[in-house]
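The structure displayed is predicted, hence computed values, not measured ones.
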Amino acid sequence: MLPRASLALRPLSRQASSTASAMSSDLYVAVHDGQAVTSSIPAGVTSEVSRLWSVSKPKNKAGETRTFYGVEGQTVVAVHAGKKGKDDNALKESSRRTAALATLALKAANSKEFKIDPLYSPHAAATGATLASWVWNLKSTTDAKALLEPVTISPAVDAAPSLASETGEDGLIKLDWASGEIYGQAQNFARELMELPANRCTPTIFTELAKDKFKGLDVEINVYDKAWAQERKMGSFLSVNAGTAEPLKFLEIIYKGDANKDAAPLAFVGKGITFDSGGISLKPGAAMKEMRADMGGAATTLASAWAIAKLKIPINFVLCCPLTENMPSGTATKPGDIVVASNGVTIEVDNTDAEGRLVLADALYYCTSVHKPHSVIDVATLTGAMMIALGNQFAGVFSNSDDLYSEIEVASKSENDRVWRMPLDEGYMSQINTTGMDLCNTGGRLAGSCTAAIFLSRFIDGLIVDGKPSDKDASELIRWAHIDIAGVMDLSKPDAYNRAGMTGRRVV
């Protein structure tokens, strides 16, 4: 549950609880070719489920679901698992999807406590069930409040990881039911932050929610204000905040899980525009309320940071989130204004609705110059151009490192949170360096995501020297990836484990 008591909000959402009890639980059983396929369920149940399935006139298609009542005193949901996948990722997705469909069906049957067949992957099944169990609303009716009642989900058997990619070898963490719950809870946390109305998730409230979420975890949390940003000469970040009465905040979270506390960290930077009106370059009124989620980069990276700390992953890690509203007023930055970023780069603000790259510029330079990470990944709902390019199926990734992109792609395929590599090319600089300033914050209609990415590259410490790419060997440079999540920010049509609305992607 996100809200603090000080916010005067009742609980906003509910998701699965992992607490087991001695009372009888309802059940999910996987079916394949008309037969219950699990070995973890009592034989009497599996044989009866197989019989009931066969008389229900099934089409035996993947995802087909039946709910059977009174099977040895239980409500049992059977879900067809489909053909067995050929690799670990396909098996994980089958486990994730069937567990999610079963959770939805059991909740529809008013089950409050049930067990999930992990099928091929306890981790993936727990993730799918946790994501599917999540409900969010602020309604006051009795029926709406009833939807928020928690359910208790546990595995039907304490199965150890069986897939090679989940056993914790080759330097990877072990993935099991508990890790799957944490993955799901992290994404649900990001979902809720993104769903919160802008007046209930200002920069100040965002940092309060972050501190509340991390209670009991071994992290250092710093929240900086406008005076700090001025001291660090963050003129680009400050320019976006100029039009709003809401104070800006800069959230920094430091986690040291490596045995060597001085080892270079992994760093995340998340765009945190808690409401984006477009500023003086005002957006159209239709669907402007969706811009409460323009802090999706901050929400998803914060959720990832929580999961890293919760799982006690043995790495050093830093999170930086610049948080502000982007509003029009008599004090707002105007098109044509000039700002100077903290690394001395001069920027012409051609369009105040291209504000995300302005806040990220100072945050990226601060993060990379102060914390000296070996790799930095920034995540942002940055460009409408990315929505046009990839829709809501893929997040776009720009990177200066083939190895880093490969690592992101592997993680993405593992959790079925897909990415597509986009071109990071110096040729796009010709669209944003033709004014009297070093940079312009827009480059016209063509390749809008690409010009945004090449703009951001100017703020990775050491990557650019005197306006040109460094001639150092790639091994000496910070590995950087920019992930544009504008297209995957929300979903209009739900699937098994992603409800309609804000997705909380990407948390991997």
Side-chain angles (χ1 to χ4, degrees), residues 61-63 82-83 85-101 104 121 124 127-128 130-132 134 183-184 186-188 190-191 193-195 268 270-271 287 290-291 293-297 299-301 303-304 356 377-399 402 404-424 445-453 481-508:
K61 292 184 177 181
K83 294 182 179 179
K86 296 181 179 180
D87 58 31
D88 279 13
N89 290 334
L91 296 174
K92 290 175 189 177
E93 178 59 11
S94 179
S95 300
R96 188 182 299 113
R97 187 168 184 270
T98 53
L101 290 170
L104 294 173
S121 168
T127 302
T130 303
L131 291 173
W134 185 75
Y183 273 49
Q187 186 170 336
N188 287 345
R191 283 168 154 177
L193 288 171
M194 294 170 71
E195 287 285 9
F268 285 175
K271 172 189 168 185
E290 303 299 323
M291 290 298 97
D294 206 25
M295 34 60 76
T300 56
T301 53
S304 295
I377 300 172
D378 76 78
V379 183
T381 50
L382 202 65
T383 64
M386 185 58 68
M387 299 170 66
I388 300 301
L390 299 180
N392 61 9
Q393 297 300 308
F394 292 82
V397 181
F398 301 80
S399 183
D402 292 342
L404 179 57
Y405 175 76
S406 177
E407 291 165 17
I408 292 170
E409 186 179 37
V410 167
S412 299
K413 288 181 177 179
S414 177
E415 297 301 316
N416 194 38
D417 194 354
R418 299 184 295 173
V419 298
W420 194 264
R421 191 169 190 179
M422 303 291 287
L424 182 70
R445 291 176 57 84
L446 299 179
S449 298
C450 300
T451 55
H482 160 59
I483 305 180
D484 191 334
I485 61 169
V488 301
M489 178 185 83
D490 59 358
L491 195 66
S492 58
K493 295 181 180 179
D495 59 27
Y497 47 85
N498 289 305
R499 63 183 287 278
M502 301 305 167
T503 64
R505 293 171 60 186
R506 45 176 303 103
V507 180
V508 294

Novice: Atom CE of Met386 and atom OG1 of Thr381: how far apart are they, to the nearest 0.5 Å?
Specialist: 12.0 Å
Novice: Which heavy atom of Thr300 sits nearest a heavy atom of Gly504, and at what distance?
Specialist: CG2-O, 3.3 Å
Novice: Might you point out which heavy atoms bring Ala481 and Ile408 nearest each other, and give the distance in Å?
Specialist: CB-CD1, 3.6 Å
Novice: Provide the closest heavy-atom pair for Ala62 versus Gly82 in the form atom of the first, atom of the second, distance.
Specialist: CB-CA, 3.7 Å
Novice: Give me the atom names and distance for the closest heavy-atom approach of Ala132 to Ala100.
Specialist: CB-O, 3.5 Å
Novice: Taking only residues two or more places apart in sequence or in another chain, which ones pass side chain to side chain contact (heavy atoms under 4.5 Å, CB included) with Ser414?
Specialist: Asn89, Lys92
Novice: If you apply the rule side chain to side chain contact (heavy atoms under 4.5 Å, CB included), what do you find for Tyr405 with Val397, and how did you get there?
Specialist: CA-CA 8 Å; Tyr405 175 76; Val397 181; 3.6 Å; yes
Novice: Let me confirm one number: the CG-CD1 distance from Leu404 to Ile377, rounded to the nearest 0.5 Å.
Specialist: 5.0 Å
Novice: What is the minimum heavy-atom distance between Ala500 and Ser492, and which atoms define it?
Specialist: CB-O, 3.7 Å
Novice: Decide side chain to side chain contact (heavy atoms under 4.5 Å, CB included) for His482 and Leu382; before the verdict, give the C-alpha distance in whole Å, the side-chain angles of both, and the deciding distance to 0.1 Å.
Specialist: CA-CA 10 Å; His482 160 59; Leu382 202 65; 3.5 Å; yes
Novice: For the residue pair Ala90 and Gly85, what are the closest heavy atoms and their distance?
Specialist: CB-CA, 3.7 Å
Novice: For the atom pair OH (Tyr497) and OG1 (Thr127), what is the distance rounded to the nearest 0.5 Å?
Specialist: 9.5 Å
Novice: Quick check for you: to the nearest 0.5 Å, what is the distance between Met194 atom CE and Asp490 atom CG?
Specialist: 7.5 Å
Novice: Would a 4.5 Å heavy-atom cut-off, applied to side chains only, mark Met422 and Asp484 as touching?
Specialist: no
Novice: To the nearest 0.5 Å, tell me how far Ile483 CD1 sits from Ser412 OG.
Specialist: 7.0 Å
Novice: Donor-acceptor pair, Arg421 side chain versus Ser406 backbone, under 3.5 Å?
Specialist: no
Novice: Cut-off 3.5 Å, side chains only: do Thr503 and Asn498 have a donor facing an acceptor?
Specialist: no
Novice: Salt bridge check: are Lys271 and Asp378 linked by an N-O gap of less than 4.0 Å?
Specialist: no
Novice: Please test Arg505 against Ile485 for side chain to side chain contact (heavy atoms under 4.5 Å, CB included), starting from the C-alpha separation and ending with a verdict.
Specialist: CA-CA 8 Å; Arg505 293 171 60 186; Ile485 61 169; over 6 Å; no
Novice: Mind checking the CG-CD spacing from Asp402 to Glu407? Nearest 0.5 Å is all I need.
Specialist: 11.0 Å
Novice: Output yes when a side-chain donor or acceptor of Ser95 lies under 3.5 Å from a complementary backbone atom of Ser121, and no otherwise.
Specialist: yes
Novice: With sequence neighbours excluded, what pairs up with Glu195 under the salt bridge (Lys or Arg N to Asp or Glu O under 4.0 Å) test?
Specialist: Arg292, Arg499
Novice: By salt bridge (Lys or Arg N to Asp or Glu O under 4.0 Å), which residues pair with Arg191, not counting sequence neighbours?
Specialist: none
